[in-house]
Amino acid sequence: MATFFGIGVGPGDSELMTVKAVHTIEHLDILYTPKAHKSGTSVAEQIAAPYFPESLMIKRRHFPMTNDWEEKRKSWQVITDEIVADVKAGKNVGFVTLGDPSVYSTYSYLLDLIDDQVAVETIAGISSFSQIAAEVSIPLTLDDELLEIIPATADEQQIAKAIDVNDNIVIMKISTNLPKIYQLLKKRNLLTKALVISNASMEKQKTFRLSEISPEDKLPYFSTVLVKKSADGSV
């Protein structure tokens with residue numbers, strides 16, 4: 001039966017894709033890939049590209065980077081209708097997304113719009129924060145410790161609460177709100193316990209403590225901070 005596959009390609013290194021993700025791509029007829037701008041290939045496509053079969057048809061579609069919810073939903077609906085039509089025509093169709101499809105992914109919105117129109121299978125991927133912990137060989141959480149994952153775009157009070165009530169906090173894409181997050185952590189004397197990794201597992205990966213930069217510094221878009229209160233600050 002023709003199926004729509006949501007495929008997590010991991011944080012950046014093509015070798016961190018799962019075997020199942022690779023095998024799924026190898027058996028696709030059509031692959032949809034996101035592009036934030038009008039031209040060029042997405043990071044997700046570049047990661048998965050080494051495994052593309054010669055027969056694969058690639059459909060690059062624009063996903064607007066805007067706060068206008070209605071504009072985004074209209075764009076998603078057009079793409080969803082095209083995906084559904086392809087699957088109903090008997091094609092196995094995939095959509096690649098960075099990290100894991102269930103974590104802050106546009107795929108989830110497409111899935112919601114598809115509903116039960118066609119068969120769907122989601123292929124999990126390694127999330128960026130899991131790779132960050134692996135990169136420095138430290139646990140995300142242990143025993144009865146609490147862990148919260150929160151986007152940097154969340155309300156300041158929500159971020160502050162997450163920092164206060166958890167032992168470990170992952171703040172995603174901090175470049176969008178670095179000054180505010182920096183001050184929240186500084187106020188709590190946590191800058192040396194906040195590890196930042198930019199472009200995790202990619203060629204331009206950088207790892208440093210938040211205390212090593214200033215709040216005015218510009219960070220790459222794919223920058224995540226792991227705050228581990230039990231850390232000794234030596235990482």
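- Atom-to-atom distance recorded for W76:CH2 and E71:CD is 10.5 Å, nearest 0.5 angstrom.
- With rounding to the nearest 0.5 Å, the separation of CG in L28 from CE in M57 is 12.5 Å.
- A donor-acceptor pair is defined here as one N or O able to donate and one able to accept, closer than 3.5 Å; no such pair exists between the side chain of D217 and the backbone of I213.
- When atom types are taken as modelled, the side chain of D115 and the backbone of Q117 share no donor-acceptor pair closer than 3.5 angstrom.
- Between the side chain of D167 and the backbone N or O of L146, at least one donor-acceptor pair lies under 3.5 Å.
- Once rounded to the nearest 0.5 Å, the distance linking OG of S211 with CG of N189 reads 11.5 Å.
- Within the model, atoms OG of S128 and CG of L98 stand 8.5 Å from one another, a figure rounded to the nearest 0.5 Å.
- Heavy atoms from other residues, nucleotides or ligands lying under 6.0 Å from CG of N67 number 12 at most.
- The two residues S75 and H62 come nearest to each other via the heavy atoms OG-O, 3.2 Å.
- A donor-acceptor pair under 3.5 Å is absent between the side-chain atoms of N168 and the main chain of T141, judged by distance alone.
- Using a 4.5 Å heavy-atom threshold, the side chains of L210 and L178 count as touching.
- Remark: side-chain polar atoms of Q158 are paired, donor with acceptor, to backbone N or O of D155 under 3.5 angstrom.
- Between the side chains of T97 and S105, a donor-acceptor pair is found at a separation under 3.5 Å.
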R73 and E70: salt bridge (Lys or Arg N to Asp or Glu O under 4.0 Å), yes or no, with the steps?
CA-CA 5 Å; R73 189 171 179 84; E70 285 304 314; 6.0 Å; no
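- Classified by interplanar angle (parallel below 30°, tilted 30° to 60°, perpendicular above 60°), the ring pair Y107/F4 is tilted.
- Counting only distance, with no hydrogens or angles, the side chain of S201 and the backbone of G12 share a donor-acceptor pair below 3.5 Å.
- Under the 4.5 Å side-chain contact rule for hydrophobic residues, L142 and V170 do not share a cluster.
- Around NZ of K91, the count of heavy atoms belonging to other residues, nucleotides or ligands within 6.0 Å does not exceed 12.
- With S108 contributing its side chain and P101 its backbone, the two residues share a donor-acceptor pair below 3.5 Å.
- Cluster membership check: L226 does not share its hydrophobic cluster with I126, using side-chain heavy-atom separations under 4.5 Å among Ile, Leu, Val, Met, Phe, Trp and Tyr.
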What do the steps show when you test S223 against K206 for side chain to side chain contact (heavy atoms under 4.5 Å, CB included), and what is the final call?
CA-CA 9 Å; S223 295; K206 290 186 177 180; over 6 Å; no
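- With respect to the salt-bridge test (charged N to carboxylate O, under 4.0 angstrom), the residues D164 and R188 qualify.
- Of the N and O atoms on the side chains of Y32 and D86, at least one donor lies less than 3.5 Å from an acceptor on the other residue.
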From CA spacing to verdict: side chain to side chain contact (heavy atoms under 4.5 Å, CB included), L31, F95:
CA-CA 6 Å; L31 179 69; F95 177 86; 5.8 Å; no
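- Other residues, nucleotides and ligands place no more than 12 heavy atoms under 6.0 Å from the NZ atom of K161.
- Side chains of V87 and F5 form no contact here, defined as non-hydrogen atoms less than 4.5 Å apart.
- In this structure, K229 does not pair ionically with E145, as no charged nitrogen and carboxylate oxygen lie closer than 4.0 Å.
- For the pair L16/V9, no side-chain contact is recorded, criterion being any heavy-atom separation below 4.5 Å from C-beta on.
- Inspection of the K204 and N199 side chains reveals no N or O donor paired with an N or O acceptor under 3.5 Å.
- In this structure the side chain of F63 never reaches within 4.5 angstrom of the side chain of K35, judged on heavy atoms.
- A side-chain donor-acceptor contact under 3.5 Å links Y51 to the backbone of S14.
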With side chain to side chain contact (heavy atoms under 4.5 Å, CB included) as the test, would you mind laying out the steps for K20 and E121 before giving the verdict?
CA-CA 12 Å; K20 187 166 186 176; E121 184 174 341; 3.4 Å; yes
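- Under 3.5 Å, the side chains of T41 and Q46 contain a donor-acceptor pair of N or O atoms.
- A distance of 7.5 Å separates CD1 in I149 from CG in L140, rounded to the nearest 0.5 Å.
- Contact between A152 and I159 at its shortest, heavy atoms only, is O-CD1, 3.7 Å.
- With hydrogens and angles disregarded, no donor-acceptor distance shorter than 3.5 Å links the side chain of K88 to the backbone of A2.
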Decide yes or no on ring pair (Phe, Tyr, Trp, His ring centres under 6.0 Å) for Y109 and Y104, but give the supporting numbers first.
CA-CA 10 Å; Y109 297 107; Y104 299 122; over 10 Å; no
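- Taken together through direct or relayed side-chain contacts under 4.5 Å among Ile, Leu, Val, Met, Phe, Trp and Tyr, L147 and V136 form part of one hydrophobic cluster.
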Side chain to side chain contact (heavy atoms under 4.5 Å, CB included) evaluation trace for V84 with L113
CA-CA 10 Å; V84 169; L113 291 172; over 6 Å; no
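- One N or O on the side chain of S42 and one on the backbone of P34 form a donor-acceptor pair closer than 3.5 Å.
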